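Input: a single structure, listed below in structure tokens.
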Number of protein chains: 2
Amino acid sequence: MSAGTKEKLLEGALTTLVEQGIAKTSARSIAAAAGVNQALVFYHFGSMDELLAAACRHGAEQRVARYRDRLQRIGTLAELLEFGREMHAQERQAGTVAILGQLLAGAQTHPRLAPATAAGLELWIVEIEKVLTRVLAASPLGEFTDPTGLARAVAASFVGLELYEGVDPGGAERALDALEQLAVLAAAVDELGPVAQRAVRHRLRRTARR
Amino acid sequence: MSAGTKEKLLEGALTTLVEQGIAKTSARSIAAAAGVNQALVFYHFGSMDELLAAACRHGAEQRVARYRDRLQRIGTLAELLEFGREMHAQERQAGTVAILGQLLAGAQTHPRLAPATAAGLELWIVEIEKVLTRVLAASPLGEFTDPTGLARAVAASFVGLELYEGVDPGGAERALDALEQLAVLAAAVDELGPVAQRAVRHRLRRTARR
DNA sequence: GTCTATACATGGATAGAC
DNA sequence: GTCTATCCATGTATAGAC
């Protein structure tokens with residue numbers, strides 16, 4: 001059946017990206033991972049470009065769907081932090097971020113792959129942005145932050161951290177801890193008393209002009 | 001002359017990584033970029049692995065050296081921010097971050113490349129860590145931050161942002177702006193009056209336990 | 001839709017002349 | 001140290017039988 005094979009190839013592409021990296025992801029390696037004949041890559045997708053582009057979209061949609069509902073019910077920075085840790089652990093194990101890292105690296109010099117990868121990443125970014133917008137609007141920090149930009153920064157940074165983890169797991173863990181410490185710090189500002197908040201705001205308004 | 005050819009190959013490897021990406025970086029493409037014979041890759045370096053590892057180290061040392069002195073004279077978060085912007089613009093143009101992105105992606109599934117890439121990144125991290133340690137020690141934020149972890153987070157995030165920029169330049173610019181806004185915010189806390197600082201500290205001490 | 005076979009390009013690596 | 005030539009593996013893609 002066609003749908004079965006197409007699906008197998010999409011999944012095969014994703015596992016190959018994780019296990020072999022973009023440099024060794026080929027029609028043959030994908031077909032082997034999918035357990036199907038190599039020629040079927042071209043029958044179903046026409047070219048490697050198209051298969052990788054489709055796999056990127058497929059993988060991102062599949063994964064983002066797992067969190068959409070839950071993210072919608074998050075209201076505070078502290079809640080977001082806790083759930084973010086959970087998501088991060090799950091997606092790390094699933095290889096989602098590793099896939100994005102490999103595709104992003106490949107897309108740098110591969111015009112056909114770039115828009116597809118951007119679209120895949122965008123699926124994540126949209127969700128992050130929605131939560132951040134909601135959470136920051138209810139915070140004294142809202143006035144000084146840009147959820148649209150921050151969502152993109154968060155997504156890109158996670159990819160960078162995942163790649164870093166591949167060559168220095170200890171360093172990456174230390175980096176994640178430091179960032180979380182920073183986020184906890186921001187969450188603490190949320191709960192500052194009104195006098196202190198006013199003082200902080202006043203100072204920020206004077207300085208944060210750019 | 002041997003030193004000349006070795007150097008040419010190292011430089012050729014770096015430009016090839018930027019222009020073609022890790023997936024299409026080969027002994028032939030590097031030799032072409034270097035303007036030397038393909039067989040010389042193996043005469044001088046033995047294998048592609050070794051050449052890439054050497055190129056990574058070579059490139060990082062060369063680039064980091066440009067900033068070491070200047071970074072040593074930076075004393076405040078605001079100064080660091082301004083100089084960081086300058087460094088970022090220069091290194092982006094030189095392709096330094098793009099190279100690290102490609103090597104990191106390749107290293108994920110390439111045991112021999114991983115330690116070399118980690119070492120190259122570490123050269124940058126060490127410098128960032130030194131400045132951050134100095135700057136944060138003089139700041140009320142010092143008590144709540146970990147320069148070692150932050151330096152790693154900064155380096156990894158920049159790689160992620162660079163990769164993201166390759167597929168969505170507008171989004172990446174927005175992300176960088178948002179992060180800079182955040183950094184300016186942190187710099188503002190540095191200059192808070194003593195009363196407000198005490199209030200912030202008090203609150204943070206109570207919350208930032210992890 | 002799927003398989004075998006195959007053409008044709010590219011890449012890693014070595015041998016041996018210069 | 002450098003060049004030519006070459007071997008062999010891997011990769012993209014297509015043709016044609018089933």
Side-chain angles (χ1 to χ4, degrees), chain A residues 1-56 58 102-103 105-114 116, chain B residues 1-56 58 102-103 105-114 116:
Chain A
M1 147 194 2
S2 162
T5 297
K6 260 184 127 155
E7 179 89 9
K8 275 183 207 161
L9 283 170
L10 291 170
E11 295 296 332
L14 296 177
T15 66
T16 305
L17 280 170
V18 176
E19 288 169 7
Q20 315 243 70
I22 186 75
K24 290 193 180 165
T25 291
S26 68
R28 283 179 147 93
S29 60
I30 291 175
V36 306
N37 190 284
Q38 173 263 146
L40 295 176
V41 166
F42 303 97
Y43 175 77
H44 285 289
F45 294 94
S47 69
M48 278 294 297
D49 289 3
E50 297 300 322
L51 170 51
L52 289 181
C56 177
H58 173 77
Q102 294 298 322
L103 286 173
Q108 302 297 308
T109 56
H110 207 137
R112 175 69 192 82
L113 209 49
Chain B
M1 149 198 356
S2 165
T5 296
K6 260 183 129 154
E7 179 89 10
K8 275 184 207 162
L9 282 170
L10 291 170
E11 295 295 334
L14 296 177
T15 67
T16 305
L17 281 170
V18 177
E19 288 169 7
Q20 316 244 61
I22 185 77
K24 292 192 179 165
T25 291
S26 67
R28 286 179 146 95
S29 60
I30 290 174
V36 307
N37 190 283
Q38 173 260 328
L40 295 177
V41 166
F42 303 96
Y43 176 77
H44 285 288
F45 294 94
S47 70
M48 278 294 297
D49 288 5
E50 298 300 321
L51 169 51
L52 289 181
C56 177
H58 173 76
Q102 294 297 324
L103 286 173
Q108 301 297 307
T109 57
H110 207 137
R112 176 65 193 85
L113 209 48

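Nothing here was measured: the structure is a model prediction, and the numbers come from that model. The sequence lines fix the lettering, A, B, ..., with proteins before strands; numbering per chain opens at 1.
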What's the shortest heavy-atom distance between A:Pro111 and A:Thr109, and which atoms?
CD-O, 3.7 Å

How many whole angstroms separate atom CZ of A:Phe45 from atom P of D:dG11?
19 Å

Of the options D:dT12, C:dC3, C:dT14, whose atoms approach the side-chain atoms of A:Leu40 most closely?
C:dC3

Write out a two-atom table: protein N or O, nucleotide N or O from nucleotides 6-9 of chain D, distance below 3.5 Å.
none

Could you tell me how far apart A:Ile30 (CD1) and D:dT10 (P) are, to the nearest whole angstrom?
17 Å

Measure CG/A:Leu52 against P/D:dG11 and give the value in whole Å, please.
13 Å

With A:Phe45 as reference, evaluate A:Leu52, A:Leu40, A:Leu10, A:Ile30 under the side-chain contact (heavy atoms from CB on, under 4.5 Å) test and give the passing residue.
A:Leu10

Between A:Glu11 (side chain) and A:Ala34 (backbone), is there a donor-acceptor pair under 3.5 Å?
no

Would you mind reading off the distance between B:Leu51 atom CG and C:dA13 atom C1', rounded to a whole angstrom?
14 Å

I'd like to check A:Ile22 versus A:Leu17 (side-chain heavy atoms, cut-off strictly below 4.5 Å). Are they in contact?
yes

May I have the distance from B:Glu50 (atom CD) to C:dG12 (atom C1'), rounded to whole angstrom?
14 Å

Would you please test B:Lys24 and B:Glu19 for side chain to side chain contact (heavy atoms under 4.5 Å, CB included) and show each step?
CA-CA 9 Å; B:Lys24 292 192 179 165; B:Glu19 288 169 7; over 6 Å; no

Interatomic distance where CE belongs to B:Met48 and P belongs to C:dG12 [whole Å]
5 Å

Just checking B:Ser29: base, sugar-phosphate only, or nothing, at a heavy-atom cut-off of under 4.0 Å?
nothing

Whole angstrom value for the distance that separates P of D:dG11 from CZ of A:Phe42:
11 Å

What closest approach, in Å, do A:Ala31 and A:Gln38 show between heavy atoms, and which atom pair accounts for it?
CB-CA, 3.6 Å

Going by number, which of residues 20-27 of chain A have a non-hydrogen atom under 4.0 Å from DNA chain D?
A:Ser26, A:Ala27

If you measure from NE2 on B:His58 to CG on B:Leu51, what distance do you get to the nearest 0.5 Å?
10.5 Å

Can you find a side chain N or O atom of A:Thr5 that sits less than 4.0 Å from OP1 or OP2 on C:dT2?
yes

Less than 3.5 Å apart, any donor N or O on the side chain of A:Glu50 or A:His44 sitting next to an acceptor on the other?
no

Choose from C:dC3, D:dT2, D:dT4 the nucleotide whose nearest atom is closest to any side-chain atom of A:Asn37.
C:dC3

Working to the nearest 0.5 angstrom, can you tell me the gap between B:Tyr43 OH and B:Asn37 CG?
13.0 Å

What is the distance from CG of A:Leu9 to P of D:dT12, rounded to the nearest Å?
13 Å

